[in-house]
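A quick write-up on the structure given underneath.
Counting from 1, the numbers follow the sequence of the chain as shown.
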Amino acid sequence: MENTTKKTEGGGGNDGLQIHKIQSIIRMWLGMRRASKRARNHIFRTKIAREIFDTEINYVRDLIILEKTMLSEKLPTVLTAQQIDTLFGNVSQILSIHKRFVQEIKERITKWTFHTTIGDVFLKYVDEMNLYKTYINGYDHALKLLKTTRTPGSPLDKLLIEEEKSVLWRKLNLEAMLIVPIQRLPRYLLLIRELLKYTPSNSKDVPFLAQAKIKFELLAEKLNTQKREKDSEEKISEMYANIAELDRIETISTESRFIHEDQILYKIQWAKSNGPHPLDSPEGINLFSMLKRTLTDTGNISQTAQASTDWKEGLVYLFEDVLLIAKRLLGTTLSYKLSAIKALPLNEYSTITIDPNDPTVFVIESDTIGIFSFKTKDDSHRKSWLNHLQKTNLKFAYSAPTTTSSSSSSSTRSITQQTILPTPFQQA
């Protein structure tokens, strides 16, 4: 009995020892797993840091090539000083920043360890990179100038062909080089996000990288907004220069954000100045039923609305809050004048519908102006237009049923007032 008790106690002691060993092995395994993950993350982090440095070296090299081309003694023989400024913008200022930036990145990379920080270097320079605004806002003008001045066999073309033969150009041309600064800031943001992904949560670099990520996101948003505002201002100035009587359109404002410009067919289905809205008539006709009848029986429909029977070509300017249609001035290919219709305000009182029976047409209805149909080249062209219209203040509404009948002739106003997700064209 006594021996049995001792054996049991001895067995219990062995069991406890075994459990302790197992726990030790598990702790060791977990520790090795954490160490392995930490080492693996450090490898990825090191690769990303090295990519930042390597691509920055290449970027500075490209900026040097652009500056060297800009300062070439031969360039003033084929371009004016103003044209050179337009073409290269403030590339020298950008280069000055990145020469310093790449040196500080190099210092971190050459002494890279688990504890090295790099986010603070980005934070140091992010505010200086606001001067990209000048380059970004002038980029479109630079491309237009290059297109008009570098024609095959032109003096500029011959000069640049000789420059581009250099191995430093990597078989790229000036147009490809000019876009490099445009692409750099988004690249920084991508690399910072990747660094954050593989940086240990207890690293000193985490707060630096997190703040750098926020600042570069804000910078990108700011530069994009400024670019859109600049484009809108220039487009409105261009319109005032080319479109007669534009100043009588009160809905065009210098604060209107430009979105799109295109040649497109249009048709006036109803204008407020021509009488009451057809849907306010006793018949209460369906919008798309009305459009079809307009095409086949204009005489009857004119009793409630005066509509165009022919599609007309117009130059359409789309802004966030207004759509303007202009028609070409007779006898010239350069100037435009406003057509007889007014600009369409795009607000909470305006809705857009599509007819699933016709993959090329969309309709904008404004309670204050009228109903206008627009005909695109094909379904793809219409989808492109509807994507642009999603950026406006318009309401999107489901279209009428594919077949019309007395049971489906309820007021389209109740249909068009229903706001939905702005993707009805995907179902057409």
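In this model, no donor atom of one side chain and acceptor atom of the other lie less than 3.5 Å apart for Glu221 and Asn224. One side chain, His381 or Asp262, offers a donor N or O that lies under 3.5 Å from an acceptor on the other.
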Original post:
Stepwise, does the side-chain contact (heavy atoms from CB on, under 4.5 Å) test hold for Leu146 with Leu160?
Top reply: CA-CA 11 Å; Leu146 186 62; Leu160 290 177; 4.3 Å; yes
Original post:
How far apart are the C-alpha atoms of Ser72 and Thr69, what are their side-chain angles, what is the distance that settles it, and do they pass the side-chain hydrogen bond (donor to acceptor under 3.5 Å, both in side chains) test?
Top reply: CA-CA 5 Å; Ser72 168; Thr69 305; over 6 Å; no
**OP:** Take Phe101 and Glu128 through the side-chain contact (heavy atoms from CB on, under 4.5 Å) test and state the conclusion after the steps.
**Re:** CA-CA 11 Å; Phe101 180 69; Glu128 288 191 61; over 6 Å; no
Subject >> side-chain contact (heavy atoms from CB on, under 4.5 Å) assessment of Val78 paired with Lys158 >> reply: CA-CA 10 Å; Val78 296; Lys158 293 177 181 178; over 6 Å; no
**OP:** Kindly indicate, with the supporting measurements, whether the criterion side-chain contact (heavy atoms from CB on, under 4.5 Å) is fulfilled by Asn387 and Gln390.
**Re:** CA-CA 5 Å; Asn387 280 325; Gln390 287 185 50; 3.2 Å; yes
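Contact between Glu320 and Lys391 at its shortest, heavy atoms only, is CG-O, 3.7 Å. Across Val361 and Arg382, no two heavy atoms sit closer than the pair O-NH1, 2.8 Å. Residues Pro181 and Leu63 approach most closely at CG-CD2, 4.0 Å, considering heavy atoms. Among all heavy-atom pairs drawn from Asp205 and Asp120, the shortest one is OD1-N, 4.3 Å. Between Leu219 and Met129, the shortest heavy-atom distance links the atoms CD2-CB, 4.0 Å. Closest of all the heavy-atom pairs between Gln83 and Leu145 is O-CD2, 3.2 Å.
Tested against Asp379 for a salt bridge (charged side-chain N to carboxylate O under 4.0 Å, His left out), the candidates Lys377, Lys375, Lys383 yield a single pass: Lys383. Only one option out of Leu95, Leu71, Leu174 pairs with Leu66 in a side chain to side chain contact (heavy atoms under 4.5 Å, CB included); it is Leu174. For the salt bridge (charged side-chain N to carboxylate O under 4.0 Å, His left out) with Asp140, the qualifying choice from Lys227, Lys230, Lys147 is Lys227, the only one to do so. Partner of Glu56 under the salt bridge (charged side-chain N to carboxylate O under 4.0 Å, His left out) criterion, chosen from Arg100, Arg108, Lys99, Arg184: Arg184.
Between His260 and Trp385, the ring-plane angle classifies as perpendicular under the 30° and 60° cut-offs. Using the six-membered ring where Trp is involved, Phe122 and Phe216 have ring planes that are perpendicular, over 60° apart on the 30 and 60° scheme. Using bins of under 30°, 30° to 60° and over 60° for the plane-to-plane angle, the ring pair His42/Trp112 lands in the parallel bin.
Shown here is Gln82, whose CD atom has no more than 12 heavy atoms of other residues, nucleotides or ligands within 6.0 Å.
With a 4.5 Å cut-off on side-chain heavy atoms, Tyr317 and Ile236 do not count as touching. No side-chain heavy atom of Leu209 sits less than 4.5 Å from a side-chain heavy atom of Lys213. Side-chain contact check for Phe208 versus Thr199: every heavy-atom pair is 4.5 Å or farther apart. Counting only heavy atoms from C-beta outward, the side chains of Tyr188 and Val126 never approach each other to under 4.5 Å. Here the side chains of Met70 and Glu67 are in contact, with some heavy-atom distance below 4.5 Å. By the 4.5 Å heavy-atom criterion applied to side chains, Phe374 and Ile352 are not counted as neighbours. Here the side chains of Val316 and Tyr266 are not in contact, with every heavy-atom distance at 4.5 Å or above. Two residues are said to be in side-chain contact when any heavy atoms from C-beta on lie closer than 4.5 Å; Pro200 and Asn41 fail this criterion.
Atom CZ of Arg187 is separated from atom CD of Glu51 by 4.5 Å, given to the nearest 0.5 angstrom. Atoms CD1 and CD1, from Ile136 and Ile182 in turn, are 5.0 Å apart once rounded to the nearest 0.5 Å. Note that OG1 of Thr55 is 10.5 Å distant from CZ of Arg61, once rounded to the nearest 0.5 Å. Taken to the nearest 0.5 Å, the CZ atom of Phe372 stands 9.5 Å off from the CG atom of Leu323. Interatomic distance, Ile65 CD1 to Met177 CE, rounded to the nearest 0.5 Å: 4.0 Å. Between the CG atom in Leu75 and the CG atom in Leu87 there is a gap of 7.5 Å [rounded to 0.5 Å].
By the 4.0 Å N-to-carboxylate-O rule, Arg50 lies close enough to Asp54 to be salt-bridged with it. Checked for salt-bridge contact, Lys144 and Glu234 miss the test: no charged N lies under 4.0 Å from a carboxylate O. Using a cutoff of 4.0 Å between basic side-chain nitrogens and carboxylate oxygens, Lys74 and Glu163 are not scored as salt-bridged. Between Lys47 and Glu194 no salt bridge is recorded (no basic side-chain N to carboxylate O distance below 4.0 Å).
Screening residues 167-177 for side-chain hydrogen bond (donor to acceptor under 3.5 Å, both in side chains), with sequence neighbours left out, gives Asp62-Arg170.
Here the side chain of Thr117 pairs no donor or acceptor atom with the backbone of Lys204 at under 3.5 angstrom. Side-chain atoms of Tyr132 do not come within 3.5 Å of backbone N or O of Ile94 as any donor-acceptor pair.
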